[in-house]
2 protein chains.
Amino acid sequence: MSPYDPSAFPPFAVTVDLVVLTVRRHALCALVVRRGEPPFQGRWALPGGFVRDDEDLAGAAGRELAEETGLSAHDPALPTGNGAHLEQLATYGDPRRDPRMRVVSVAHLVLAPDLPAPRAGGDANSARWASVEELLAMRDAGGAEEGEQAPLAFDHATILADGVERARSKIEYSSLATAFCPPEFTVGELRRVYEAVWGVALDPRNFHRKVTGTPGFLVPAGGTTTRQGGRPAQLFRAGGATLLNPPMLRPEV
Amino acid sequence: MSPYDPSAFPPFAVTVDLVVLTVRRHALCALVVRRGEPPFQGRWALPGGFVRDDEDLAGAAGRELAEETGLSAHDPALPTGNGAHLEQLATYGDPRRDPRMRVVSVAHLVLAPDLPAPRAGGDANSARWASVEELLAMRDAGGAEEGEQAPLAFDHATILADGVERARSKIEYSSLATAFCPPEFTVGELRRVYEAVWGVALDPRNFHRKVTGTPGFLVPAGGTTTRQGGRPAQLFRAGGATLLNPPMLRPEV
DNA sequence: AGAATAGTGTCTGTCAGACATTATTAA
DNA sequence: TTAATAATGTCTGACAGACACTATTCT
């Protein structure tokens with residue numbers, strides 16, 4: 001086959017889909033939007049849209065993220081800014097994943113701190129945070145039951161599952177869990193992030209020893225807080241270290 | 001923005017590019033093909049080609065792999081077959097990565113045992129195994145020097161670097177290094193794979209203890225061999241375990 | 001007082017790094 | 001014999017899991 005004959009390539013539509021994860025009320029949640037048109041009209045789906053002619057993939061993902069949430073994705077090099085972590089997840093291109101035409105979707109993963117309320121791109125009430133556990137449970141349960149119990153549109157349940165798995169494994173060996181936290185946070189809040197993402201309970205004392213003993217992971221921010229009740233806890237900021245070595249161990253493997 | 005308006009999407013070309021890695025003579029090598037036409041005519045590039053209208057991304061990657069090497073990508077679930085490991089790597093979509101048109105490339109990573117000789121798809125002499133170290137060294141060295149010292153075409157040096165980094169990190173916590181070995185291999189041969197991929201020397205005794213002590217990683221194949229000279233070594237096959245826990249540790253981190 | 005959370009310390013088993021020693025072949 | 005590789009064993013330090021104990025707040 002002659003490679004790269006510009007006149008003989010099948011045209012594809014290329015989209016970005018976003019797996020936006022956050023931790024709300026001790027549960028891992030994902031941002032979903034309600035579809036206003038067929039196919040899958042009325043069903044929940046991951047936010048996303050077409051890649052424009054002049055933007056790259058990360059740019060398109062960042063633009064969609066800003067349109068849906070008002071968040072700005074920040075460069076992983078920068079210390080903080082009120083941005084979320086954004087990275088490419090995987091690409092989905094089954095010929096029949098969209099019944100209308102050939103669509104290749106480059107999924108991206110976003111880890112965001114808890115946000116007040118989702119803000120829809122065009123129509124206001126069509127976006128919400130949904131528990132990942134519920135979204136993935138209805139995936140295997142097959143068809144729709146009543147109202148909001150239908151699985152996600154297209155192959156979005158698969159994409160969501162891949163994104164959740166990426167997040168679960170990546171907080172083991174990186175400092176990415178801090179992307180779920182506000183700029184200043186306590187060790188207990190960080191631990192509850194791990195517990196929500198992994199769905200397990202961690203020993204508070206061993207966790208404290210681990211995260212405070214890893215150089216560059218946390219830097220003291222100076223103050224204390226009693227957000228959770230009990231003895232006041234020190235506030236920390238995310239340190240410069242991005243890799244955790246040795247990693248945080250996930251129980252029950 | 002109205003999502004999914006089928007009549008108003010910019011058309012993209014979608015290709016798959018392959019990072020095919022193997023270990024030859026104690027060095028990590030990648031398969032490269034010489035470009036026969038502009039742009040980058042005469043330069044080396046990663047093998048790849050257009051995704052066809054009716055195939056999915058992994059299917060396109062597997063087809064290109066077979067065309068270039070005769071290898072068949074095997075399902076990771078199956079024990080062996082003479083196939084190579086294939087997985088999606090990442091997607092590259094900068095608007096200017098191909099000077100002629102908008103091309104989004106879904107790169108795939110292939111780990112293959114040492115193969116006798118590369119077999120080109122169309123023209124015979126245009127494919128070869130090149131040392132990864134040399135390919136990546138000339139990336140930063142800038143422009144072409146003499147003859148074969150030019151960097152890879154397009155953004156393929158970046159893609160190659162990402163693929164190598166994926167392979168280097170993945171053999172830490174998975175049994176994927178066995179994909180570089182023939183169906184039956186010795187502990188020493190497996191150790192030399194790790195040494196070539198990581199570019200370090202490992203203690204043979206600690207390595208032996210680690211791999212033979214991890215349940216399900218290696219299963220004895222029965223025979224012995226003296227391929228390397230010295231005392232005959234036991235032959236092993238890859239076991240069913242796909243995850244290494246605890247992982248193999250990479251020195252000097 | 002009692003409950004809740006934060007923070008420090010101790011003990012123990014696992015395991016990686018360093019290195020000694022023996023076994024078995026080829027040249 | 002010498003060199004090369006394979007295989008097993010020992011010692012030690014780092015660290016995770018389990019858990020006792022103290023500190024500081026709110027109700």
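Predicted model only: the values in this text are computed from it and were never measured. Naming: A, B, ... by sequence-line order, numbering from 1 per chain.
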Within 45 degrees of the axis of the six-membered ring of A/Trp129 and under 6.0 Å from its centre: does A/Arg25 put its NZ or CZ there? no
Nearest-nucleotide check on DNA chain D, B/Asn206 vs A/Arg231; residue mapping nearer the 5' end is B/Asn206
Length of the line joining B/Leu249:CG and D/dC15:P, which is rounded to integer Å: 11 Å
Decide whether A/Ser105 and A/Asp17 meet the rule of one side-chain donor and one side-chain acceptor closer than 3.5 Å. yes
Nucleotide D/dA6, atom C1' - distance to NZ of B/Lys210 in whole Å: 20 Å
Here's a test of your reading of the structure: between B/Arg205 and A/Gly230, which maps to the more 5' nucleotide of DNA chain C? A/Gly230
What is the distance from CG of B/Asp203 to C1' of D/dT10, rounded to the nearest Å? 13 Å
Would you say B/His208 places a side-chain N or O within less than 4.0 Å of OP1 or OP2 belonging to D/dT8? yes
Decide if atom CD of B/Glu165 counts as having more than 12 heavy atoms of other residues, nucleotides or ligands within a radius under 6.0 Å. yes
Can you tell me the distance, in whole Å, between the CZ atom of B/Arg192 and the C1' atom of D/dA4? 11 Å
What's the CG-C1' distance between B/Asn245 and D/dA16, to the nearest Å? 13 Å
Please classify the nucleic acid contact of B/Pro246 as base, sugar-phosphate, or nothing, using heavy-atom distances under 4.0 Å. sugar-phosphate
Presence of A/Arg209 side-chain N/O under 4.0 Å of D/dC15 phosphate oxygens OP1/OP2: no
For B/Leu202 and D/dT5, what is the distance between atoms CG and P respectively, to the nearest whole Å? 15 Å
Please report the distance, rounded to the nearest Å, between NE2 in B/His26 and C1' in D/dA4. 13 Å
B/Phe236 ring center within less than 6.0 Å of B/Phe185 ring center: no
Take the protein atom CZ of B/Phe185 and the nucleotide atom P of D/dA6, then report the distance between them rounded to whole Å. 13 Å
